[in-house]
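Written below as structure tokens is the structure these notes are about.
Excluded from the calculations below are hydrogen atoms, water molecules and symmetry mates; all remaining heavy atoms, backbone and side chain alike, are included.
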Amino acid sequence: MWTVRAVRIDDLDKLETLIRSATRGLTTLQLDRAQLLDRVEQSVFAFSRTGQSTKDEPYVLVLANEESGELVGTSTIYAKTGGHQAFYSYRLVTKECSSKTLNVSHARTSLAMNRVHDGPTEIGSLFLRGTYRGQGHGRWLSLSRFTVIAARRDRFASRVIAEMRGKAEADGRVPFWDAVSGRFIPVEFAVADAMSTVSKEFIEELMPEHPIYLDLLPPEVRESIGEVHIETQPALAMLQNQGFRKTDEVDIFDAGPVVSCATDEIAAVKGSRICRIDQVNDEKQTPNEKPNAIVASTQYGFTSLVLNVNSDALAVSTSAAEVLGVDVGSQVWVTSLHQ
């Protein structure tokens with residue numbers, strides 16, 4: 001039986017194996033074992049604490065086979081950006097310039113460094129092994145983050161953002177990095193981007209204070225700003241269906257777009273509801289009863305299954321009830337897979 005659930009300490013070895021298979025572009029997952037352990041421990045505490053205040057902490061989910069213990073996917077919610085370290089982005093600023101003497105006008109766009117110290121919630125670090133893609137697992141992993149937010153609404157900010165992966169060449173080179181940020185931070189893109197998930201101090205130390213004018217950049221670099229990597233297009237489309245929209249901000253390393261949505265306006269957050277377990281039995285679903293919803297228990301952190309749900313009074317199998325840790329009368333959160 002497959003579940004999307006909160007990560008556990010004893011998942012560390014298998015999670016490390018999983019993220020080692022992530023592509024180089026997914027740099028928020030390029031963590032060493034000590035960094036990964038720190039993230040897992042923070043997540044375990046975040047899911048177990050009872051206070052409702054918003055804190056700077058990650059909520060890490062894994063897609064797991066409960067029989068074999070195999071982990072094949074992961075995703076994360078970062079409850080608040082810009083906590084003890086600022087959240088950095090470039091903001092696109094356009095100014096109309098004109099000359100009466102020359103009788104010309106020109107819209108001049110620049111990239112201005114943006115620092116946020118009390119920022120929104122961020123979703124990210126979504127990865128699913130290739131052999132499991134195209135089966136609905138990625139959608140489950142992604143939407144489960146919104147079920148977590150709905151179930152613990154006070155833990156998260158009033159707005160949610162996602163930094164989408166920017167354009168890159170087939171050989172892995174990142175045009176924006178090579179033309180802009182890499183000129184000021186003299187290391188490889190992957191090194192800088194991965195380090196930024198641990199410490200952002202070097203950004204403040206090395207990046208320029210003054211705006212970067214787009215007119216000074218090569219056309220192919222200008223055209224890449226605010227665009228996503230080809231592998232990220234499905235993820236962007238899914239978030240847009242949830243209500244996310246591109247902002248005037250882009251990532252400072254690869255110029256991928258920052259998308260945003262008011263938390264309470266996210267389709268899956270608005271659509272998540274509390275239902276009651278009405279029956280626990282061993283009746284098998286008929287072939288036309290395909291899973292249509294995420295059913296999640298928050299009794300022991302977070303555990304979810306995909307089941308067929310037709311009403312607010314649910315009938316689940318004995319095995320499903322055991323995995324969810326529920327019984328007749330228990331309350332669960334339900335999120336449609338087809339928002």
Side-chain angles (χ1 to χ4, degrees), residues 22-31 58 75-78 80-83 85-94 109-117 119-127 159-169 172-209 211-214 217-218 220-237 239-240 244-261:
T23 62
R24 189 179 180 189
L26 293 170
T27 47
T28 57
L29 292 177
Q30 303 304 311
L31 305 173
S75 62
T76 301
I77 314 160
Y78 303 93
K80 177 180 282 295
T81 58
Q85 297 186 90
F87 171 77
Y88 293 90
S89 64
Y90 268 135
R91 187 180 297 279
L92 288 157
V93 179
T94 301
T109 302
S110 63
L111 296 167
M113 182 68 75
N114 188 45
R115 300 170 180 81
V116 176
H117 289 277
T121 293
E122 181 180 3
I123 56 172
S125 303
L126 175 63
F127 175 66
R159 182 162 291 275
V160 178
I161 64 168
E163 291 183 286
M164 311 306 293
R165 184 180 175 188
K167 279 197 167 184
E169 303 294 344
R173 290 186 301 107
V174 179
F176 186 81
W177 173 264
D178 292 343
V180 181
S181 302
R183 301 293 183 92
F184 303 100
I185 304 175
V187 298
E188 290 187 6
F189 168 81
V191 173
D193 209 22
M195 180 55 66
S196 70
T197 67
V198 179
S199 173
K200 294 179 171 61
E201 186 176 359
F202 71 94
I203 297 173
E204 195 69 41
E205 294 169 337
L206 297 175
M207 290 299 287
E209 284 288 332
I212 305 293
Y213 289 96
L214 268 58
L217 302 178
E220 63 273 17
V221 175
R222 293 201 302 268
E223 292 167 4
S224 74
I225 295 173
E227 299 301 317
V228 298
H229 192 283
I230 188 171
E231 294 180 0
T232 306
Q233 290 173 356
L236 175 61
L239 289 179
Q240 289 174 326
F244 284 76
R245 296 293 178 263
K246 288 184 179 182
T247 67
D248 60 358
E249 295 177 56
V250 297
D251 182 80
I252 63 170
F253 294 153
D254 64 13
V258 176
V259 298
S260 172
C261 186

Under the side chain to side chain donor-acceptor pair (under 3.5 Å) test, which residues partner T247, sequence neighbours left out?
none
Strictly distance-based, threshold 3.5 Å: is any side-chain N or O of [X] a donor or acceptor partner for the main-chain N or O of [Y]?
X	Y	answer
R91	D248	no
R165	H229	no
R245	C261	no
K200	Y88	no
T81	E122	no

Closest approach of [X] and [Y], non-hydrogen atoms and distance?
X	Y	value
I161	F87	CD1-CZ, 3.6 Å
V116	G119	CG1-CA, 3.4 Å
S181	Y90	OG-CE1, 4.4 Å
P175	V221	O-CG2, 4.0 Å
D254	G166	OD2-N, 2.9 Å

Could you please spell out the steps behind the side-chain contact (heavy atoms from CB on, under 4.5 Å) verdict for E209 and M113?
CA-CA 7 Å; E209 284 288 332; M113 182 68 75; over 6 Å; no
[atom2] on [Y] to [atom1] on [X], rounded to 0.5 Å:
X	Y	atom1	atom2	value
L92	L111	CG	CG	5.0 Å
T76	I123	OG1	CD1	10.5 Å
F176	E223	CZ	CD	14.5 Å
I252	S196	CD1	OG	7.0 Å
T94	L214	OG1	CG	8.5 Å
S89	E163	OG	CD	7.5 Å

Any heavy-atom pair between the side chains of [Y] and [X] that's under 4.5 Å?
X	Y	answer
V187	M195	no
I77	T121	yes
V93	S110	yes
I185	V191	no

CA sep, side-chain torsions, deciding dist, call: E227, K167, salt bridge (Lys or Arg N to Asp or Glu O under 4.0 Å):
CA-CA 6 Å; E227 299 301 317; K167 279 197 167 184; 5.4 Å; no
Would you say CG of L206 has more than 12 non-hydrogen atoms from neighbouring residues, nucleotides or ligands within 6.0 angstrom?
yes
Over 12 non-hydrogen atoms of neighbours within 6.0 angstrom of CD in Q233
yes
Over 60° means perpendicular and under 30° means parallel, so classify the ring planes of F253 and F189, tilted if in between.
perpendicular
Pairing donors with acceptors under 3.5 angstrom, does anything connect the side chains of Y78 and S125?
yes
Quick one: do R115 and E249 make a salt bridge, cutoff under 4.0 Å?
no
